[in-house]
Amino acid sequence: MIQIGSKQPVVFCDFDGTITINDNIVAIIQHFDPPGWKTIVDDVIAERKSVRAGVGEMFRLLPTSQREEITRFAIDQVQIRPGFAEFLTFCKEQQIEFYVTSGGIDFFIYPILERFDIPKERIFCNTSDFSGSYIEILWPNACDDVCDNDCGMCKTKIIRSFSNSEYDRYIIGDSITDFAGAKLVEHVYSRSHLTTKCEQLGLAHVPYNDFFDIIRHMEAMKVGAASS
Ligand code: MG
Ligand code: ZN
C-alpha cells in the first residue's frame, strides 16, 4: 500500500529507440523507400515541418495494399532493449504505474508489445487507417491548447494529466521529442540525443543503456510504493 504523504511513482516510457533498439518508423520508411520520403525527413529535422505533419505525409506515401508486408516487416525487424520484461516485472512488484507514451503507430506497437502484459489503455500512440489507398495516420492524442508544438502524440499533455501533487513522475526516453516531457517531470532517464540535450541545457538526468540500469538505479533510490 501507498503510505500517507508519499506520492505514487509513475513511469512514462518512450517506445522507438527506448523499448526498441531502433526507430521503427525510420526502419519502415527506409525499407519500403517510397519516392519523396527523404525531403520530408529533412524538413522535420530542420523544423520546417512539425513531427505530426511529417509522419502523416510519410505514411501517405505507403499503399495500404502493402499492409501485411509492412506490418510483418516492422514486427520481424524489431529488437527489444535488454531488461524491458524485467523492468515491467519490477514496476509491478514495486507498484510503479507504467505507461507507454509513443509517437509511433498502433499497427506495429500493439503487436510488438503483445507478448508483454501491458494494459492497452496504458499505451498511448498514434493510430492508423488502412481503409483508403494509402496509409492515413490518425491523431487521437494530439496537442491541447497548452502545447503549440504540433506533436502528433502529445507526451506533455499526457504527463500534465498526472499532477505532481499526487505523482512522482519519471520519463524514459532517447530523443529530442522526449525533451519537453523531460522538463516537466521529476526524474529523467536518458539515452542518446536526449542525454546530449539535457547536458546542453543543464537538466538533471540519469543516463542508461538498458532497462537493467534503470532497475538498479530505482532499487538504489528505493523507488516504489512497495519499498517505501
Ligand atoms: Mg524514441
Ligand atoms: Zn504537443
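Only this structure's heavy atoms are used, side chains among them; waters, hydrogens and symmetry mates stay out. Counting starts at 1 for both ligands and their atoms, following the listed order.
- In the displayed structure, D148 atom CG is contacted under 6.0 Å by at most 12 heavy atoms of other residues, nucleotides or ligands.
- A 6.0 Å sphere centred on OH of Y134 holds no more than 12 heavy atoms belonging to other residues, nucleotides or ligands.
- Between D144 and R160 there is a salt bridge, since a side-chain N of the basic residue sits under 4.0 Å from a carboxylate O of the acidic one.
- For residue D14, an N/O/S atom approaches the Mg ion (ligand 1) to within less than 2.8 Å.
- Under 2.8 Å from the Zn ion (ligand 2), one finds the following protein N/O/S atoms: C143 SG, C147 SG, C151 SG, C154 SG.
- The neighbour count for Q77 CD, taken as heavy atoms of other residues, nucleotides or ligands under 6.0 Å away, is above 12.
- Between S128 and D106, the side chains place a donor N or O and an acceptor N or O closer than 3.5 Å (distance only, hydrogens not considered).
- A donor-acceptor pair shorter than 3.5 Å can be found between the side chains of D168 and H187.
- Taking the N/O/S atoms of D16 in turn, the shortest distance to the Mg ion (ligand 1) belongs to O.
- For the Mg ion (ligand 1), the set of nearby N, O or S atoms under 2.8 Å includes one belonging to D174.
- Under a cutoff of 6.0 Å and an axis angle of 45°, K120 and Y110 form a cation-pi pair.
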